[in-house]
Amino acid sequence: MCGRYTSKKNPVELAEEFDAEDRIAEQRRPDFNVAPTRNEPVVRAERDQHGPQAARELVEMRWGLVPFWAKDPKAGGRMFNARAETLTTKPAFRSAVKKRRVLVPADGWYEWKKSEDGKTKQPYYMTTQDGSSLAFAGLWESWGTGEDYLQTYTIITTEAQGQLTEVHDRMPFLLPASAWGDWLDPDRDDVTDLLATPDLERGEQLELRPVGADVGKVANNSPELIERIEPGAVLL
DNA sequence: CCAGACGTTGTT
DNA sequence: GTCTGG
DNA sequence: CCAGACGTTGTT
DNA sequence: GTCTGG
C-alpha cells in the first residue's frame with residue numbers, strides 16, 4: 001500500500017501549515033502522482049534542536065529509503081514503505097526510527113482495490129475533505145558523499161482501519177497535528193507509544209473516491225487524476 | 001569464521 | 001515470472 | 001504503487 | 001553497520 005500519493009501544495013504553504021522553515025525556497029508544480037524515486041517535501045526537526053517544540057525545516061528528499069550501508073542507492077527502490085509493527089528490529093530502519101523521523105505532507109493517497117477474482121483493479125483516492133494536509137509518519141536516511149550524496153525517506157504503514165479496509169488492508173500511518181512535535185522530538189529515541197496509537201478519527205473523516213486508471217502511469221500528472229469517476233466503472 | 005542479506009506488497 | 005524505473 | 005522491459009550481433 | 005545461516 002501507499003505507493004502513490006499527492007503533494008499539491010507549494011513549499012510556502014507547507015512551511016506555514018507545518019510550522020517549518022522553508023529550505024526548498026523554490027516553486028514546485030502540484031504533484032498529483034507522487035511515485036517512489038521522486039523528490040518530495042518532508043518536514044524534520046532542525047539540527048541541534050531539542051524537545052517536542054524543536055524548530056522544524058521543510059526539505060526535499062527522494063522517496064525510497066537507502067540505508068547508509070547500502071552498496072548501491074538502487075536499494076531504496078523497494079524501501080518506500082516500512083511496517084510499523086517491525087520497524088524497530090529491521091536492520092534497514094531501526095537506526096532511523098531512533099534518530100531520523102520525518103513528517104511526510106500529503107493531500108491524499110491512492111490504493112488499488114483488487115476484484116475478488118484478482119484479475120482487475122480499481123484505483124481509489126483517499127483525501128481530506130477540508131483541504132488540510134495529512135502527515136504520514138516517515139523515516140529518513142542519508143547515503144553517500146559528495147556528488148553521490150542522497151537523502152531519502154520511507155513512509156510507515158499500519159493495518160487499515162474503519163472504512164479504509166473496504167479498499168485495502170494497509171494504510172499510511174497518520175499522525176494528528178497534536179503528535180507532530182513528539183514524533184519529531186530529537187531527544188526521543190523510543191516512539192513505540194506513538195506508533196501504538198494511530199489517528200483513527202482522521203481516517204474516518206477521509207473521502208474514498210474511485211478514480212480513473214490514468215494514475216497508474218507515473219508519467220501522468222494532472223488534476224484529472226483525482227476526479228471521481230462514474231459509479232458504473234467501480235467494483236466496490 | 002566468512003558470506004550474504006538487509007524490504008513491502010500481494011498472492012498462493 | 002521478475003526486475004527496473006518513475 | 002504500476003508500467004514496461006526482459007537480448008545479442010552486426011550494421012547504419 | 002549488524003545480524004543470520006552455514
Side-chain angles (χ1 to χ4, degrees), chain A residues 1-7 28-41 60-100 104 106-127 134 136-145 150-161 164-173 189 195 208-222 224-226 229 235:
Chain A
M1 67 71 39
C2 205
R4 299 291 176 88
Y5 66 96
T6 63
S7 179
R28 290 176 49 90
R29 211 161 256 121
D31 199 337
F32 294 90
N33 202 353
V34 178
T37 72
R38 298 270 255 270
N39 291 310
E40 297 297 325
E60 244 179 32
M61 294 185 190
R62 196 177 83 169
W63 188 12
L65 185 144
V66 181
F68 65 92
W69 40 257
K71 293 183 186 75
D72 190 303
K74 278 191 280 193
R78 295 170 308 213
M79 305 206 193
F80 54 89
N81 285 158
R83 292 174 66 88
E85 298 90 330
T86 53
L87 268 184
T88 53
T89 56
K90 297 291 182 182
F93 303 128
R94 66 183 166 200
S95 54
V97 76
K98 289 185 186 169
K99 290 292 165 202
R100 290 177 296 282
V104 181
D107 300 283
W109 79 93
Y110 299 98
E111 299 282 8
W112 280 258
K113 179 187 168 74
K114 291 231 159 69
S115 61
E116 279 194 20
D117 60 12
K119 286 179 180 163
T120 60
K121 57 197 170 184
Q122 169 65 51
Y124 279 76
Y125 181 56
M126 269 57 67
T127 188
L134 296 170
F136 300 156
L139 307 175
W140 72 279
E141 193 65 78
S142 61
W143 182 91
T145 54
L150 265 183
Q151 292 189 130
T152 59
Y153 68 96
T154 188
I155 293 171
I156 298 172
T157 67
T158 188
E159 202 175 340
Q161 310 284 344
L164 295 164
T165 61
E166 294 165 26
V167 177
H168 205 71
D169 61 344
R170 306 287 300 172
M171 64 180 278
F173 196 100
D189 63 6
L195 289 170
L208 279 54
R209 182 191 300 174
V211 295
D214 287 353
V215 65
K217 204 170 191 167
V218 296
N220 291 334
N221 185 1
S222 73
E224 287 86 72
L225 297 184
I226 61 169
I229 60 164
L235 308 166

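Chain A is the first sequence line, chain B the second, and so forth, proteins listed ahead of strands; every chain is numbered from 1.
Whole-Å rounding puts the A:Asp214 CG to D:dC2 C1' distance at 13 Å. Atom CH2 in A:Trp112 sits about 5 Å away from atom C1' in D:dC1, given to the nearest Å. For the pair A:Glu159 CD and B:dT9 C1', the computed distance is 15 Å after rounding to whole Å. Atom CE of A:Met126 and atom C1' of D:dC1 are 11 Å apart (whole Å). If you take CG of A:Leu65 and P of D:dC1, they are 17 Å apart, rounded to a whole angstrom. Rounded to whole Å, atom P of C:dG6 lies 12 Å from atom CG of A:Asn39. Atom CZ of A:Phe173 and atom C1' of B:dT8 are 17 Å apart (whole Å). Spacing between atom CG of A:Asn221 and atom C1' of C:dG5 amounts to 17 Å, rounded to whole angstrom units.
For the C1' atoms, the distance linking C:dG5 with B:dG4 amounts to 25 Å, nearest Å. Atom name C1', nucleotides B:dA3 and D:dT11: the rounded distance is 44 Å, in whole Å. Taking atom P on both D:dC1 and B:dT8, the two are 12 Å apart, rounded to the nearest angstrom. On the C1' atoms, C:dT2 is 14 Å away from B:dT9, given to the nearest whole Å.
The backbone N or O of A:Val215 lies less than 3.5 Å from no partner atom in the side chain of A:Asn220, so there is not a single donor-acceptor pair.
Relative to the side chain of A:Arg4, the nucleotides B:dC6, D:dC1, B:dT8 differ in distance, and D:dC1 lies closest. You'll find that the side chain of A:Lys90 is closest to B:dT8, out of B:dC6, B:dT11, B:dT8. Between C:dG6, E:dT2, D:dC1, one nucleotide has an atom nearer to the side chain of A:Thr37 than all others, and that is C:dG6. With E:dT2, B:dT8, C:dG6 as the candidates, the nucleotide lying closest to the side chain of A:Arg38 is C:dG6. The listed nucleotides are C:dG6, D:dA3, B:dT8; the one nearest the side chain of A:Lys121 is D:dA3. In this structure, of E:dT2, B:dT9, D:dC1, it is D:dC1 that holds the atom nearest to the side chain of A:Pro36.
If you check every strand for non-hydrogen atoms under 4.0 Å, A:Thr154 touches nothing. Within 4.0 Å (heavy atoms only), A:Ala82 reaches sugar-phosphate atoms of the nucleic acid but no base atom. Among the heavy atoms of the strands lying under 4.0 Å from A:Phe68 are primed sugar atoms or P, OP1, OP2 only; no base atom is included. Residue A:Ala92 is in sugar-phosphate contact alone, with no base atom involved, counting any heavy-atom pair closer than 4.0 Å across all strands shown. No engagement by A:Arg62 is indicated, since no non-hydrogen atom pair under 4.0 Å with the nucleic acid exists. Using a 4.0 Å heavy-atom distance criterion, A:Pro67 is classed as making no nucleic acid contact.
The only option from A:Val104, A:Val66, A:Leu139 that meets the side-chain contact (heavy atoms from CB on, under 4.5 Å) definition with A:Tyr153 turns out to be A:Val104. No option in A:Phe80, A:Tyr5, A:Phe173 other than A:Tyr5 meets the ring-ring contact (aromatic ring centres under 6.0 Å, His included) test with A:Phe136.
Dashed line: the shortest gap from a side-chain N or O of A:Arg83 to OP1 or OP2 of B:dT9 is under 4.0 Å. Contact check, A:Arg170 against B:dT9: a side-chain N or O comes under 4.0 Å of OP1 or OP2. In this model, the phosphate group of B:dT11 is approached by a side-chain N or O of A:Lys114 to a distance below 4.0 Å at OP1 or OP2. For B:dA5, neither phosphate oxygen OP1 nor OP2 lies less than 4.0 angstrom from any side-chain nitrogen or oxygen of A:Lys71. At B:dT9, one or more side-chain N or O atoms of A:Thr157 fall inside 4.0 Å of OP1 or OP2 (strictly under the cut-off).
Of the nucleotides present, B:dC1 is the one that pairs with E:dG6 by Watson-Crick or G-U wobble criteria, both distances under 3.5 Å. Across the strands present, D:dT8 finds no partner; the criterion is a Watson-Crick or G-U wobble pair with both atom distances under 3.5 angstrom.
Contact annotation: the side chain of A:Pro41 approaches that of A:Ser7 to within less than 4.5 Å [non-hydrogen atoms, C-beta and beyond]. Counting heavy atoms from C-beta on, the side chains of A:Ile226 and A:Asp107 never come closer than 4.5 Å.
Between the side-chain ring of A:Trp69 and the base of B:dC6, a stacking contact exists by the 5.5 Å and 30° definition.
Classification of A:Glu40 and A:Arg28 as a salt-bridged pair holds, one side-chain N sitting under 4.0 Å from a carboxylate O.
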**Item:** Stepwise side chain to side chain contact (heavy atoms under 4.5 Å, CB included) test for A:Trp63 and A:Ile155
**Value:** CA-CA 8 Å; A:Trp63 188 12; A:Ile155 293 171; 3.6 Å; yes
